[in-house]
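Below, chains carry the letters A, B, ... as their sequence lines are ordered, and counting in each starts from 1.
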Amino acid sequence: MKVTCERSYLAQALGVAGRAVSSRNTLPILTHVLLQTEDDRIKLSATDLDTFVRCALPASVAENGEVALPAATLSDYVSKLPDAPVTLEGGDGKVVVRSGHSRFTIMSAPAEDFPVVPEVTQGTEITVSSATLKEMIRMTAFAASKEESRSILMGVLFEARGDTLTLVATDTHRLAWKQTRLNESVQTPVSAIVPAKPLVELERVLTRNAEDMVTIRFGSSQVQFQSESATLVSRVLDGQFPNYEKVIPKATERKVQFEREEWLGAVRRVDIVSRSANQKMVCKFGGAMLAMSAESSEAGQTYEEIPIAMDGTDLQIAFNAKYLMEVLGLISDDQLSLELNGALNPGILRAGESFIYIVMPMQA
Amino acid sequence: MSQRIRQLPPDVANKIAAGEVVERPANAVKELIENALDAGARRITIELEEGGKKLIRVRDDGSGMSAQDAVLCLQRHATSKIQDADDLWRIQTLGFRGEALPSLAAVSRMEITTREENSEVGTRIVVEAGEILGVEEIGCAPGTEVVVRGLFFNTPARFKFLKSDSAEAARIAEMTGHLALAYPHVAFVLKHNGNESLRVEAAGDSFNALVSVWGRDTARAMMPISTSEEFPNIKVTGFAGRPQFTRANRKGQLVFVNGRAVSSRALQHAFGAAYDGLIHGRDRYPVGLIFLQVAPGAVDVNVHPAKSEVRFAREGEAHHALRVAIRDTLVGAQLAPSWNLDGETDGGLYKPFGGSRVENQLPQSQFPSQAPYQPAPSRFNPTPTPNYASYQAPPSEISRPLTPAPSEDTNERFRQHLADIRAGKSGFDRDLFPDEAPAKLQLRPLAQISNNAYILCEGEDGLYIVNQHRAHESILAARAIERASREKVESQRLMIPFSVECGPRALAAVEEHGSLLSELGFEVESFGGGALLVRAVPTLVAQTDYERAFADLLDELVSGHAGRNLDERRRALLTMLSCKNAIKAGDALNQGQMQGLVDDLVELPNPSICPHGQPILIKISTYELHKKFEREYAMR
C-alpha cells in the first residue's frame, strides 16, 4: 500500500472514526482503525462491535492495499504533524508514515483481522437535515437511562409515521419527546430503538448546517446514518419500548407560564442544597409566584421565588431538581409552559409544538 | 423397688412420631399429595381452610384402596410400597415408610373415603386421634379423598408454633407448586378458603408447569437443560436460569431426585460451580429447576423421615453430571466459554468474525485441577477485635507464607504468654480479652501491594494490610447510614410502574410487612394473579437497578430474618448501594489518598470487618515478626 493525503483531512477523518474506537481492550483489534484505499480516496473504519463508523477522505493512491493501525497512536501522531501532505506506505506488519522530514514506523495488524463492517442495504429510508437530527438527538438522548439493567431504556426510540419523525427517551423518572416534519412521508411506519451512546457520538459529528442531509436507513437489526462525509451503523435494541403515549396526560388542571432563564437560574441555586438532600426540591405554585425550597442537614436551606402566570388552583409538588435543571439548560425557547395535575401526577413541560418533557414528582 | 422404665402406649408413640413427619400443615399436605402421586393420580385437588389448620382436603383420582387396605394403612409401618429391607434400595415411589398416615391420624380428626375402580362400593373411615371410630360402605367416585380436620388438636404445644394462616397457606402453595413442577402430567388445583390460589393443568410439559408456578417472566429466563454428554446411571433434565437472572438466596434452585424434592449441599455446589465466573456480584445465586433420574440403587432416600435429604452411592458422579450438564446448557446458549476438562485451556473459543482469536474473557475455572467435589468453605465469622484477624487463617494468599502453624514451641509460648499477662505487658493478651476496648488504631500507609489491591500500613504494634475496596465500601456505607439517619426517606414516583411476579410466600410477606415497604420508600400495590405493582421507589435506588433492589428486599422478607427492623433493613439497602461506588482492587492511589482512606477507616466503629462480614485488614504484629526472625527478646 502506498497513498498520499492532506494531513488536515486525515486528522479530521481520524477524529470522526475515533468516536467508535473501543475503549475496552479485550479485543486488541478493536483499538485499531482500518484503512482501505479505493480509487482516489482512503476509507477509514472503526468499531466497538456495537457501533461502526466509516468515513472517507480524498487521497492519491499509488498502490492499493488495506491495513489496520492503532487508532490512538496514529491520530496522536497525525495531530502533531504540521499541515503538509502525509504519505503512508507499508505492508508486512508495519506502516511508515512520512511527512516532510518526519518519519514514523508504526506497527500494523492484518486487515483480515478487522471485523466485517456491515452495510444496511434494505429497509425503510428517511432523510432529515443534519442540523435537525443533531437538535433532536440533543433534546432526547440525555433522558435515556444509564442503568444497564434497563437496556431498552438506554436507547432512544425513533418512530417515523406518515410525515413525522419522533424521538423519545425515558429513564422511567422523566421522558423527553421531540418531533419533526419529514419532507417526504414514509410508506410504512417504522420504529427502532437506537442505543443512546452512539447517538451522542453521532450528535458530535453532525454539522449544524441545514443544507447537509442525513439518510437514516432502518434495517432489521441495525440502523445506518449516512451523511456526506461519514456513515454510522449501530445495532438496534431488541425489545418493546414502553407505551409513551399513555404517559402523556390528555387533560391538565393547571397551566403555568414562565421565563426559562429565570427558572433555570433559581433551580441551579436550589440544586446546590438539594443535591445533598436526595435532589428534592419542593415547589409551591400559588397566585403569581412559584416558590422553591430545599433543605439539607448538610448544606443548609435555600429559598427562591420567581413570577409566573398560572391558570388553576394552588399546588405544592416536589421534583428532582436535576431533572428540571438538565432540560431547562437544553431548551432554547424563552417562554415555556408547565402543565400540572395533582401532587403525585407528572408535570408536563412544553417548548413549542415539537418538544414535550414529562417529569415524575417525588413524594412531597 | 419400683418400675421406672415403661413401654410407652402406642398412642403416645404415634404422637411422638407425628412430630418427626408432620411438623406443620405443609408437611401433612405433602405426605397426602405424595400418596396420591404414588397411587397414580392424574388430578389432585387440595382444599384448605385457615391455612390448613382447620381443614385439609386432598382428593385424587388414583387407584384407591379396598376396605381392608384402608383400615390397614392406618397401622404404623403398613405400606404397599415395599415388602422387605432389600426393597429400600429399589424404591421408586415417593413414600415407603408407612408412617405418614398413622402419624397424621394420631394428631387430627381424619376421614378417608376411597374406592377402587373395579369395586362396586367405596369405604369411609373416620379416625380421631389415631383411634378408628367407624368404617362404613359408601358410594363415591374412584380414587381417594383424605380430609384432615383440626390438625394438632390434641397436641396444643405444636399447634402454638404454627404461623399465621396466610404464612402456612403460603408454605403449602409453595410446596404444592414444587410438586406440580416435578409432575407435569398431573393436574393440581389448590384452594384456600374457597379461593383458587394455584392451578396447574396436566400439559405433560415442564415448561407449562413452570409458567403456571413461577410466572411468565421467570419462565422466560429459563433454558431447557441440554447436554451431549452421557452419564452412567444419571440423567439430568430440567431448566437452568440465565446467568443474568439471579436471586439473593438459593430458594430459586429446586432439585428433584427421582421426582422427590431434595436439598443437597453437593448438588447445590455443583449447580453453582457450573455458573463459575458468570454471576456478577457477591451473594447472588442462579435459578434452576433440576430433575435427576438415577438408578434406584444408586441413591438412598431413607435418611430422613421427611425424605428431604438423600444420599448418593457415588456423590462425585452426581456432582459431575449436574455440573457438566448445566455448563453444556450455558455453553450451548453461548452464555459461557466451554470447559476443557482435560486440563488444557482453550483460548480460541468462539470466533465472531474473520477467524481472529478471541481471548477468553471470563476467568478460567480451576475446576479441572480440583477434586470432583469440595464442600463450600464455611464462613468463619471473626470477632470484632482488630487484632484477631492474624490469628485465624486469613483468606489472602500473601499472608499464607507468613503464618505457618505454630509447632514445637506452643507450650513455651503459652508460658511466656502467662508471664506477659502477669507482668502487665500487652501484645498478645488483648486478643484473648476482647472485652477490653481496643486502642484506637494509628496507621501510616507505606505502599500499595499486589497490583494495587492492598495498602500496606505501619501501625504502632505491627504491620497492617488493608483491603482497599472493602475499606472504602465500609466508609461509604457508614457515611450513607449516618446521613440517612438524619434525613427522612424520600420516594421518587415512576412514570412506568413495574410489576413483579412473585410466589405466594412473597405475597404473604408483603401483606405482613406492607408498612415496612412504604417506610422504606416503596409504594407497592397488589396487581392480582401473584403480581405486585411498584409505583414509587426510594431515591436511594431510583438511579440504579431498583427492580433488583426490590427483588432482593422481597427475598429477604421471605427468608424472614426475624427481628430485622426498619433501621437494619435500611442499613442493608444503603450498604448494598454504597458498594457500587467504592474504589476497586487495582485502582492506584497516591500517598494522600491512601492516608485519607486509612484515616477514615480507623474512625469507623469496627474497622476490621466490612458490612458483609469479611475482614478489611490483616495484622502482622511486631511480636509475630520478631518470632519469625527468631528474635530472642520477643519471647521475654
Novice: Assess the side chains of A/Gln363 and B/Glu523: does a donor N or O sit below 3.5 Å from an acceptor N or O?
Specialist: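 A pair is found: one side chain offers a donor N or O, the other an acceptor, under 3.5 Å apart.
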Novice: Need one label for A/Ser145: side chain, backbone, both or neither, based on atoms under 4.5 Å from any heavy atom in chain B.
Specialist: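 When you check distances to chain B, no heavy atom of A/Ser145 falls under 4.5 Å.
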Novice: How long is the straight-line distance from CG of A/Asn243 back to CD1 of B/Ile496, given to the nearest 0.5 Å?
Specialist: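 B/Ile496 atom CD1 to A/Asn243 atom CG measures 9.0 Å (nearest 0.5 Å).
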Novice: Tell me, do B/Arg493 and A/Leu344 make a side-chain contact under 4.5 Å, heavy atoms counted?
Specialist: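 The answer is yes, as the side chains (C-beta and beyond) meet within the 4.5 Å cut-off.
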Novice: Under a 4.5 Å heavy-atom cut-off, does chain A meet the side chain of B/Phe498, its backbone, both or neither?
Specialist: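 Neither part, no heavy atoms under 4.5 Å.
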Novice: Report the distance from atom OG1 of A/Thr172 to atom CG of B/Leu494, rounding to the nearest 0.5 Å.
Specialist: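 Separation between the atoms: 5.0 Å.
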Novice: Can you find a heavy atom in the side chain of B/Thr539 that is under 4.5 Å from one in the side chain of A/Lys280?
Specialist: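 They are not in contact (no side-chain heavy atoms under 4.5 Å apart), so the answer is no.
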Novice: Quick check on A/Lys322: does its NZ atom have over 12 non-hydrogen neighbours (other residues, nucleotides or ligands) under 6.0 Å away?
Specialist: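 More than 12 within 6.0 Å, yes.
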Novice: Tell me every residue that passes ring pair (Phe, Tyr, Trp, His ring centres under 6.0 Å) with A/Tyr303, counting only those two or more places apart in sequence or in another chain.
Specialist: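 Counting only residues at least two positions away or on another chain, A/Tyr303 forms no ring pair (Phe, Tyr, Trp, His ring centres under 6.0 Å).
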Novice: Tell me, do B/Gln492 and A/Phe319 make a side-chain contact under 4.5 Å, heavy atoms counted?
Specialist: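 B/Gln492 does not reach A/Phe319 side chain to side chain.
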Novice: Give a yes or no on whether A/Lys146 atom NZ has more than 12 heavy-atom contacts from other residues, nucleotides or ligands under 6.0 Å away.
Specialist: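 Counting neighbours around NZ of A/Lys146, more than 12 heavy atoms of other residues, nucleotides or ligands fall under 6.0 Å, so yes.
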Novice: Search all heavy atoms of B/Met495 against all heavy atoms of A/Ile358 and return the closest pair with its distance.
Specialist: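 Looking at all heavy atoms of both residues, the shortest contact is CE-O, 3.5 Å.
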Novice: Give, as side chain, backbone, both or neither, the part of A/Pro361 having an atom under 4.5 angstrom from any heavy atom of chain B.
Specialist: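 For A/Pro361, backbone and side chain are both near chain B.
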